[in-house]
Amino acid sequence: MSSSMVLVLLSISALLVLSAGSSKCISRNFGHDSVVCECNSTYCDSVGSVRPPPVGRFSSYLSSMDGSRMEAGEGRVQKNGSGTGLRLTLVSYQKYQKIRGFGGSMTDAAAINILSLSAASQEQLLRQYFSPEGIGYSVVRVPMASCDFSTRLYTYADSPGDYSLDNFTLAAEDVQMKIPLLQRAQALSPGRLSLLASAWSAPAWMKTNGALTGKGSLKGQPGGKEHKAWARYYVRFLEEYSKHNLSFWAVTTGNEPSAGQMTNYSFQALGFTAEEQRDWVSLDLGPALHASSFPRTHVLILDDNRLLLPHWAKVVLSDIHAGRYIHGVAVHWYLDGVVPADISLGVTHSLYPEYYLFATEACAGWRPLDRGVKLGSWDRAEQYAHDIIQDLNHHVVGWTDWNLALDQTGGPNWVKNFVDSPVIVDSKRDVFYKQPTFYSMAHFSKFLLEGSQRVGVSASTETDLEFTAFIRTDGSVVLIILNRSLSEIQFEVWDPAVGFLPSTAPPHSLLTLAWNTH
Ligand SMILES: *[C@@H]1O[C@H](CO)[C@@H](O)[C@H](O)[C@H]1NC(C)=O
Ligand SMILES: *[C@@H]1O[C@H](CO)[C@@H](O)[C@H](O)[C@H]1NC(C)=O
Ligand SMILES: *[C@@H]1O[C@H](CO)[C@@H](O)[C@H](O)[C@H]1NC(C)=O
Ligand SMILES: *[C@@H]1O[C@H](CO)[C@@H](O)[C@H](O)[C@H]1NC(C)=O
Ligand SMILES: *[C@@H]1O[C@H](CO)[C@@H](O)[C@H](O)[C@H]1NC(C)=O
Ligand SMILES: CC(=O)N[C@H]1CO[C@H](CO)[C@@H](O)[C@@H]1O
């Protein structure tokens, strides 16, 4: 064989490899409004590489209720616009926040479900989220000890009166399940994962109610021995995880402090008022982290619904002693439907622009009348995309989903607080289903890499389309468009830097457009 023939053959096989980078969804219908994609130990659909084409063309990725899943297309950028219908104009000199990342949560339940699969299927599942051919997750929220998505109640320091935390020990759930999975996720990831830790409850002996659940807060006052021990607990957690080569980008001041103020709250919680959180950060947590081996760990306050904004931020961030230890405000999505984004996120951003907003928890299937897993629900994909776009358009720099994987009942969860997840595992068949919400995440997480900066978009007419646009660090543009309505609409995008992009948003669809500008 001549060397030129070898070259020809090599380039043909390179082309084949490139086109094999993407693979189709094996769809299954479970009787809801759309389908799931089934994956097993040897097969899983993938969109492959999403590098935009050279200037003059644009790429599009479409998911829809009628079954498209990240379906790739390409179009030609036009010199002239159609001059009719809706036009979305990119306003690239209007610059907003930069993206930190997207991700999900390694709860005990997620770890149990992932590990219930064969080794090859586990690998396949982790690749879907974290590897370069996956959807670009770079954030993982890690509960510190147990939460409702655990199979038992525990903390890392359950010996009563252990103020010096001599008996602080990670649980079997950490050492045998979460840590090995996090290490594997890190090994698959092209970049360093941003790990984020949240605690649900302090040890019972530190608390007013002597229990992990129900209404209760730390005994005593900020600066006192329980508050100091609880701050030291965070440092011990960071130390123990660092022994396993896992370092944390951020910690929150605790999951849903409002839950621990509610009578008979059914699962792990630790109540804080905004005032107590402020003083605990300034007197205990801030100084403890500052004096530890992890002084650069970010501290995110709130970690609760945006309903509490801007009040919570005003109380905590107006205090310079607390504020200097804090980097951001973490929000959950529950009740977003009744709390407009502008009066919560928007006002908080304008009052405290030096602190970023970060979404730390969201899941579908939590509402009493719409509970648990719904295999193939497109409605839930729209709930995700709607919330993500709204958050991004109100200065949020990242969005974290809840459990990375659940079983078909939406658990395990020791209080039966079953919900949905983008990945549902069926360990009996050694398969997992990628829900429509998985693709909702992908339309953002795969494209909006760290450092992408939001820019303005202006619509020529009133429209129900929801959209958000970003310029990435390489100068390429990403525009994500959600159409939650029934009818199809044609529109065009105008980027003055390159020209006009003719496009269509089919009914009930999510579309990502990407193009280069140089
Ligand atoms: C996995 O799924 C693919 C596509 O449906 C199928 O061809 C293959 O036989 C399955 N593999 C196993 C191990 O079931
Ligand atoms: C584009 O618009 C210009 C100015 O209106 C016009 O002269 C030109 O013919 C148009 N080109 C095309 C391809 O329609
Ligand atoms: C630590 O645990 C050991 C063994 O369970 C116990 O004897 C000891 O009292 C504990 N120490 C503290 C400070 O609670
Ligand atoms: C941590 O990482 C270093 C270098 O990457 C490696 O040498 C070491 O074995 C790792 N330690 C653990 C506990 O994984
Ligand atoms: C809380 O639980 C206790 C004990 O089960 C019960 O007596 C009480 O009525 C409950 N309170 C509320 C407000 O549900
Ligand atoms: C496909 C489509 O656009 N359908 C709806 C999408 O949103 C537009 C907003 O302009 C609606 O008018 C359409 O009915």
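Ligands are counted one by one from 1 in listed order, and the atoms in each one are counted from 1 as well.
Counting non-hydrogen atoms of neighbouring residues, nucleotides and ligands closer than 6.0 angstrom, the CZ atom of R296 reaches no more than 12 such neighbours.
Remark: ligand 1 and N40 share an N or O pair separated by less than 3.5 Å (distance only, no angle test). Geometrically, ligand 1 and Y43 share no nitrogen or oxygen pair separated by less than 3.5 Å.
Closest to atom 13 (C) of ligand 1, if we only count protein heavy atoms, is S41 OG, 3.8 Å. In terms of protein heavy atoms, atom 1 (C) of ligand 3 is closest to N167 ND2, 1.4 Å.
Annotation for ligand 3: atoms under 4.0 Å from non-hydrogen atoms of S159 are 14 (O). Residue-ligand proximity, D162 to ligand 3, at heavy-atom distances under 4.0 Å covers atoms 13 (C), 14 (O).
In this pair, Y163 and W205 present their aromatic rings perpendicular. The plane angle is above 60°, beyond the 30 to 60° band. By the 30° and 60° cut-offs, the orientation of the rings of W230 relative to Y234 is perpendicular. Using bins of under 30°, 30° to 60° and over 60° for the plane-to-plane angle, the ring pair Y233/F168 lands in the perpendicular bin.
Atom 9 (O) of ligand 3 is never approached by the protein to below 4.0 angstrom, counting heavy atoms only.
Under the side-chain hydrogen bond (donor to acceptor under 3.5 Å, both in side chains) test applied with R484, the options H508, Q383, E466 reduce to a single match, E466.
Using modelled atom types and a 3.5 Å distance limit, the side chains of N516 and R472 yield no donor-acceptor pair.
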